[in-house]
Number of protein chains: 2
Amino acid sequence: MTNDDFIVKAAKALGDKNRLKIVKELAKRGTMNCSETEKLTSLAQPTMSHHIQLLVESGLVSVEKDGRTSILSLNQKNIEALTVFLGKVADA
Amino acid sequence: MTNDDFIVKAAKALGDKNRLKIVKELAKRGTMNCSETEKLTSLAQPTMSHHIQLLVESGLVSVEKDGRTSILSLNQKNIEALTVFLGKVADA
DNA sequence: GTAATACATTGAAGTTTATCAATATGTTTC
DNA sequence: GAAACATATTGATAAACTTCAATGTATTAC
């Protein structure tokens, strides 16, 4: 994946209000499992599962399996990379 | 528009490779008019016009009309706002 | 004022995305 | 091992998005 591809994918992942809500909540709590994300919105479980998959594929969110639960957290390094890119654009 | 709405809209605007290319080129050159953006890709003129409209509506890009040409530039303030948001998320 | 230039709008086609109900898979509990 | 739990997958539908050809609207140039 080129850097541009990463930017596009990550931006696309952030460009949805439900996924943004997950990201913001992860920033607040540190971690969440999938069931907890479902309580953030009124979306059905498969829909959330899909959104989470997109966030993970984008690199913004990481998953660690613990038994039957999936523990989500922010991928700080990749979010930082996106931030740095934007920072450069902001004061170009 | 709430702050979340802005983040979603701006991220969505960035989440397309052609629009990202415009933004990056604006960061490099400072300004461009619409005809110049058309040379960046192989997209048709109406398609570019549409992408530019999305960028402008998102707040990432500003337009100033000068006769028959539209002069595009980055909206540093809004890009900075997006950067700040991500920065907070990155080291949450 | 006609022609050329720069951009916007419209209408339509194809593609992608968001969403859900139903169902499947793997895991813990009893 | 049966039941409950956590998440994933599948298949379908509706909405949103990307793209273009055709056409429209200003503006400049001759």
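Numbered from 1 within each chain, the chains take letters A, B, ... in sequence-line order.
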* Asked: Say you draw a straight line from NZ of A:K9 to CG of A:N78; how long is it, rounded to the nearest 0.5 Å?
  -> 11.5 Å
* Structure fact -> In this structure, CG of A:L60 is separated from CD1 of A:I22 (nearest 0.5 Å) by 11.5 Å
* Asked: Counting only non-hydrogen atoms, which of residues 18-30 of chain A are less than 4.0 Å from DNA chain D?
  -> none
* Give, ordered by number, those residues of residues 8-17 of chain B having at least one heavy-atom distance below 4.0 Å to an atom of DNA chain D; if nothing qualifies, reply none. => B:K12, B:D16
* To do: Check whether any side-chain N or O of B:S35 sits under 4.0 Å from OP1 or OP2 of C:dC7, and answer yes or no.
  => yes
* Between A:K65 (NZ) and C:dG26 (P), how many Å, whole number? -> 10 Å
* To do: Return the nearest nucleotide to the side chain of A:S70; candidates are C:dA21, D:dC20, D:dA8.
  => D:dA8
* Structure fact -> Rounded to whole Å, the CG-P distance (B:L72 to C:dA6) equals 14 Å
* To do: With a 4.0 Å heavy-atom cut-off, tell me which residues in residues 50-58 of chain B come close to DNA chain C, sorted by residue number.
  => B:Q53
* To do: Would you mind telling me which residue lines up with the more 5' stretch of DNA chain C, B:N33 or A:M48, judged by nearest nucleotide?
  => B:N33
* Asked: What is the distance, rounded to the nearest whole Å, between atom CD of A:E38 and atom C1' of D:dT7?
  -> 8 Å
* Phosphate-side-chain proximity, B:T47 and D:dT18, N/O vs OP1/OP2 below 4.0 Å -> no
* Kindly say whether, by distance alone, the side chain of B:R68 makes a donor-acceptor pair under 3.5 Å with the base of C:dC7? => no
* Structure fact -> Correct closest heavy-atom pair for B:L54 and B:A13 would be O-CB, 4.3 Å
* Distance-only donor-acceptor test (3.5 Å): side chain A:Q45, base D:dA8 -> yes
* Considering only side-chain heavy atoms of B:P46, which listed nucleotide, C:dT10, C:dC7, C:dT19, is closest? -> C:dT10
* **Spacing of A:E36 atom CD relative to D:dC5 atom P, expressed in whole Å** => 16 Å
* Can you find a side chain N or O atom of A:S49 that sits less than 4.0 Å from OP1 or OP2 on D:dA8? -> yes
